[in-house]
Amino acid sequence: MSEETRPNNFIEDIIEDDLANGLSKDKLRFRFPPEPNGFLHIGHSSAICLNFGLGEKYNQPVNLRFDDTNPAKEEAKYVKAIQEDVKWLGYEWDNLCFASDYFQELYDWAVQMIKDGKAYVDSQSSEEMAIQKGTPTEPGVDGPYRNRSVEENLALFEGMKNGEYGEGEHILRAKIDMQSNNMLMRDPIMYRVVNRDHHRTGSDWKIYPMYDWTHGESDYLEQISHSFCTLEFKPHRELYDWFLDQVVDPNKIRPKQREFARRNVSHTVTSKRKLQKLVEAGVVNGWDDPRMTTISGLRRRGYTANAIKNFADSIGIAKRDNLVDMNHLEFHLRDDLNKAADRVMCVLDPVKLIITNYPEDKVEMLQAENSQEDESRGFREVPFSRELYIEREDYREEANKKFFRLKNGKEVRLKNGYIIKGEGCIKDENGVITEIHATYDPDSKSGSGTEASMRRVKGTLHWVSASHALPVEVRLYDRLFTVPSPDTDKEKDFMEFINPDSLNVITAMAEPAMKNLEVGETVQFQRMGYFCVDPDTTDEKMVFNRTVTLRDTWAKLDV
RNA sequence: UGUCCCAUGGUGUAAUGGUAACACUCCGGUUUUUGGUACCGUCAUUCAAGGUUCGAGUCCUUGUGGGACAACCA
């Protein structure tokens, strides 16, 4: 990476300013604060890379903190999955924290706020309170319980805590300003009663703090210097600061919330609610379906942590709305895989090719390099015989000179093998080609050093020996959505833009050496793309996911 | 009829009052036993109008366009 030359983004500018104004570098501390109510997705990777990247840049700690204040939505399995994803991306957190660790502290502070006349118990229905709250363009009005006595507030809040009231009977509100331009400042709710067991605190608590009351105070307790979140939290900043004002010790670090734009990637959705709907509706097979842009889905698809980090790094951090083209992500994927993946031969749409002048029973073991990029990766043996499979699209009886592949009367190279010449084909009653015939030049064997072997032919085909071929299942994926921005249409639901052909399962013919590949390993099927071994693989059948195709300039010409 | 945020090629991001640039995409070329990779090149950008200034993408004003805010969610 060219870290040294990359200019600072506005977030780094903020930090540099603070440093220049006297903040000591060793006071810098960051955090990544997901709610454990779903799986991490590509949108989160920006926040993860930003916070952990800052930690690496300044060599200062980053906490992983679970914002677990709503037991109705959160589960321990998500806590586990999120940790795995962050680790897989290659980051290490300093402290593993939970907002639920701060419930007692938060409660004690709330009691003090009641005593100070800064908070009160409201006993109205949510509908009544919503009316008093006004709208973004009209101020709110004070509710009837706003001036309850401290004693009464204390007693009611204590009762809430002790489980004496049902959900919705009472809530605790901060007493700020019902006429504020900022809706969030119109006496925001601090606590509500929730009769649910929490995945960590069990039945200890009957009341749970709201996000705004929890987040800034958690940052403060952890002495986070900079608390970065997405733009939709901008209006929360005023409240974040107000709550901090109630508790902050001037000798300690006062956290600073700043906001950046969420990253949107084309042809996908990145909201937990929508991803969940795809899972529940059976559009995909779970959160880690390779078509999902969850971190776990991308991982199963064959994405590398490097590709995701380089992507996040290259798109940067800013404040304007954006829709990053999937091409960017795929560029970084190919870039990383090109260096990392061994090359193999696998025929996705096989048709038989008979080398008519090759001996019936002869089998040769040919040497094939594992990577043209890196000779140190070594060689493997590939069996060659009279009957092979090649791609159906690699043969035409006749074609113009733009077609570099096999055609009658013309020569092509079989990768790592011989030069062959097309002689004709056999078709069934429907005109479908069932067998292609060719002759080979025995002196043209790859690497033999003969004059014939040095001959230049325009096309090179991959192939597998028919009798040695290993049938494998290959899952070909396409974009999950047919439009760049499926969830911004004013009339249509994002579900209407689902690509019906996002998954195509085929049986391909692989070279025998591929049976040694392990689950999760990625290889390049030469000329076809990058593929990884799926966990669905069994002893009987290997299953591959197409991670991404190669760039294909021919496909563009051949329309 | 409010408050706040944002506006640079098709996309993303720089330029911190001093020559508008980098990457992706597209298109073209060289190399190539992958129509891949690598390398080279082409096309293409400051929302508008005023103002300040020797000088404005940058500062100011107004407008236009986009977005956020009315969950006992985060």
Side-chain angles (χ1 to χ4, degrees), chain A residues 5-10 13 33-35 37 67-70 72-74 122 125-126 129-131 133-140 167-173 180-184 186 189-194 208 210-212 214-215 229 231-238 259 261 263 266 272-273 311 314-332 334-335 338-339 343 345 369 372-373 402-405 412-417 419 446-447 453-454 456-462 484 524-529 549-558:
Chain A
T5 57
R6 189 174 64 79
N8 281 349
N9 58 46
F10 84 98
D13 286 343
E35 182 188 15
N37 67 342
D67 231 332
D68 56 348
T69 58
N70 185 2
K73 289 188 175 176
E74 295 149 9
D122 200 328
S125 69
S126 57
M129 284 190 280
I131 292 166
K133 200 166 187 182
T135 71
T137 54
E138 299 158 37
E167 292 184 9
E169 282 188 62
H170 305 286
I171 50 131
L172 185 74
R173 303 178 78 169
S180 171
N181 277 325
N182 185 346
M183 295 288 291
L184 288 156
R186 324 243 259 230
I189 296 173
M190 293 173 68
Y191 277 96
R192 78 289 209 189
V193 172
V194 181
Y208 290 90
M210 299 289 286
Y211 164 82
D212 287 294
T214 309
H215 203 94
C229 57
L231 239 32
E232 67 267 30
F233 289 94
K234 178 71 207 290
H236 293 250
R237 188 151 117 197
E238 192 180 358
E259 311 81 14
R263 310 316 314 208
S266 76
K272 283 180 191 166
R273 207 199 91 240
F311 169 71
S314 77
I315 61 180
I317 294 291
K319 292 177 82 169
R320 54 189 102 90
D321 298 329
N322 59 79
L323 182 62
V324 186
D325 199 292
M326 184 77 87
N327 282 330
H328 279 98
L329 222 200
E330 292 183 345
F331 166 79
H332 289 287
R334 291 189 183 107
D335 190 46
N338 177 50
K339 293 172 225 152
R343 272 60 169 165
M345 294 196 285
E369 75 270 283
Q372 289 85 344
E373 303 292 303
K402 286 271 187 96
F403 186 79
F404 300 164
R405 286 111 104 132
V412 293
R413 160 77 62 182
L414 291 176
K415 180 75 185 167
N416 303 310
I419 293 172
S446 289
S453 73
M454 313 290 256
R456 301 219 159 165
V457 291
K458 193 69 181 163
T460 301
L461 308 186
H462 62 283
Q524 186 196 89
F525 292 1
Q526 286 183 107
R527 304 207 302 136
M528 295 286 108
T549 60
L550 261 25
R551 272 183 77 232
D552 190 353
T553 47
W554 159 249
K556 288 167 193 158
L557 290 174
D558 194 37

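The structure displayed is predicted, hence computed values, not measured ones. Reckoned from all heavy atoms, side chains included, excluding hydrogens, waters and symmetry mates.
Within the 4.0 angstrom heavy-atom criterion, base atoms lie near A:Q524. Here A:T214 lies out of heavy-atom contact (under 4.0 Å) with every strand. Among the heavy atoms of the strands, none lies under 4.0 Å from A:E238. Looking at heavy-atom distances under 4.0 Å, A:I315 makes contact with sugar-phosphate atoms alone, never a base. Residue contacts shown for A:R186 are absent, as no nucleic acid heavy atom lies under 4.0 Å away. Using a 4.0 Å heavy-atom cutoff across all strands shown, A:F233 reaches at least one base atom of the nucleic acid. The residue A:R334 sits apart from the nucleic acid: no heavy atom pair falls under 4.0 Å. Counting non-hydrogen atoms under 4.0 angstrom, A:R551 reaches the backbone sugars and phosphates but no base. Nucleic acid contact class of A:E373 (heavy atoms, under 4.0 Å, all strands): base. Residue A:I317 is in sugar-phosphate contact alone, with no base atom involved, counting any heavy-atom pair closer than 4.0 Å across all strands shown. When heavy atoms are screened at a 4.0 angstrom cut-off, A:G529 is found touching no nucleic acid atom at all. Within 4.0 Å (heavy atoms only), A:H462 reaches no atom of the nucleic acid at all. Heavy atoms of A:D67 sit under 4.0 angstrom from primed sugar atoms or phosphate atoms, though from no base atom. A:M528 comes within 4.0 angstrom of no nucleic acid atom, judged by non-hydrogen atoms across all strands.
Between the A:R334 side chain and the A:G529 main chain, no donor and acceptor come within less than 3.5 Å of each other.
The residue among A:L323 and A:K415 whose nearest nucleotide of RNA chain B is located toward the 5' end is A:L323. If you find the closest nucleotide of RNA chain B to A:N327 and to A:S453, the one lying nearer the 5' end belongs to A:N327.
Between the side chains of A:Q372 and A:Q526, at least one donor-acceptor pair of N or O atoms lies under 3.5 Å. Between the side chains of A:S314 and A:H332, at least one donor-acceptor pair of N or O atoms lies under 3.5 Å.
Electrostatic pairing of A:E35 and A:K73 does not count as a salt bridge here, judged by no charged N lying under 4.0 Å from a carboxylate O. The residues A:E369 and A:K415 are annotated as salt-bridged, a charged nitrogen and a carboxylate oxygen being separated by less than 4.0 angstrom.
When base pairs are accepted only as Watson-Crick or G-U wobble with both N-N or N-O distances under 3.5 Å, RNA chain B takes part in stems of 3 or more pairs at B:2-7 with B:64-69, B:10-13 with B:21-24, B:27-30 with B:38-41, B:47-51 with B:59-63.
Contact of the A:V193 side chain with the A:E169 side chain is not registered, since no non-hydrogen atoms from C-beta on lie closer than 4.5 Å. Contact check for A:N322 versus A:R263: side-chain heavy atoms found under the 4.5 Å cut-off. At least one side-chain heavy atom of A:R173 sits less than 4.5 Å from a side-chain heavy atom of A:M129.
Distance noted for atom P between B:G57 and B:A7: 15 Å (whole Å). Taking atom C1' on both B:A56 and B:C47, the two are 16 Å apart, rounded to the nearest angstrom. Between B:A44 and B:A70, the two P atoms lie 45 Å apart (nearest whole Å). Taking atom P on both nucleotides, B:A38 is separated from B:C24 by 9 Å, rounded to a whole Å. Comparing the C1' positions of B:A21 and B:G2 gives an interatomic distance of 40 Å, to the nearest angstrom. Taking the C1' atoms as reference points, B:G36 lies 23 Å from B:U42, given to the whole Å. B:G41 sits 15 Å from B:U31 when the C1' atoms are compared, rounded to a whole Å. The P atoms of B:G29 and B:U45 are separated by 24 Å, rounded to the nearest whole Å.
Every side chain to side chain contact (heavy atoms under 4.5 Å, CB included) that A:L323 has, sequence neighbours left out, goes to A:N264, A:S266, A:P484, A:S485.
Interface limits on RNA chain B: the 5'-most and 3'-most nucleotides within less than 4.0 Å of chain A heavy atoms are B:G2 to B:A74.
The CG atom of A:L184 sits 6.0 Å away from atom CG of A:D212, with the distance rounded to the nearest 0.5 Å.
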Stepwise side chain to side chain donor-acceptor pair (under 3.5 Å) check, A:T460 with A:R527: CA-CA 9 Å; A:T460 301; A:R527 304 207 302 136; over 6 Å; no
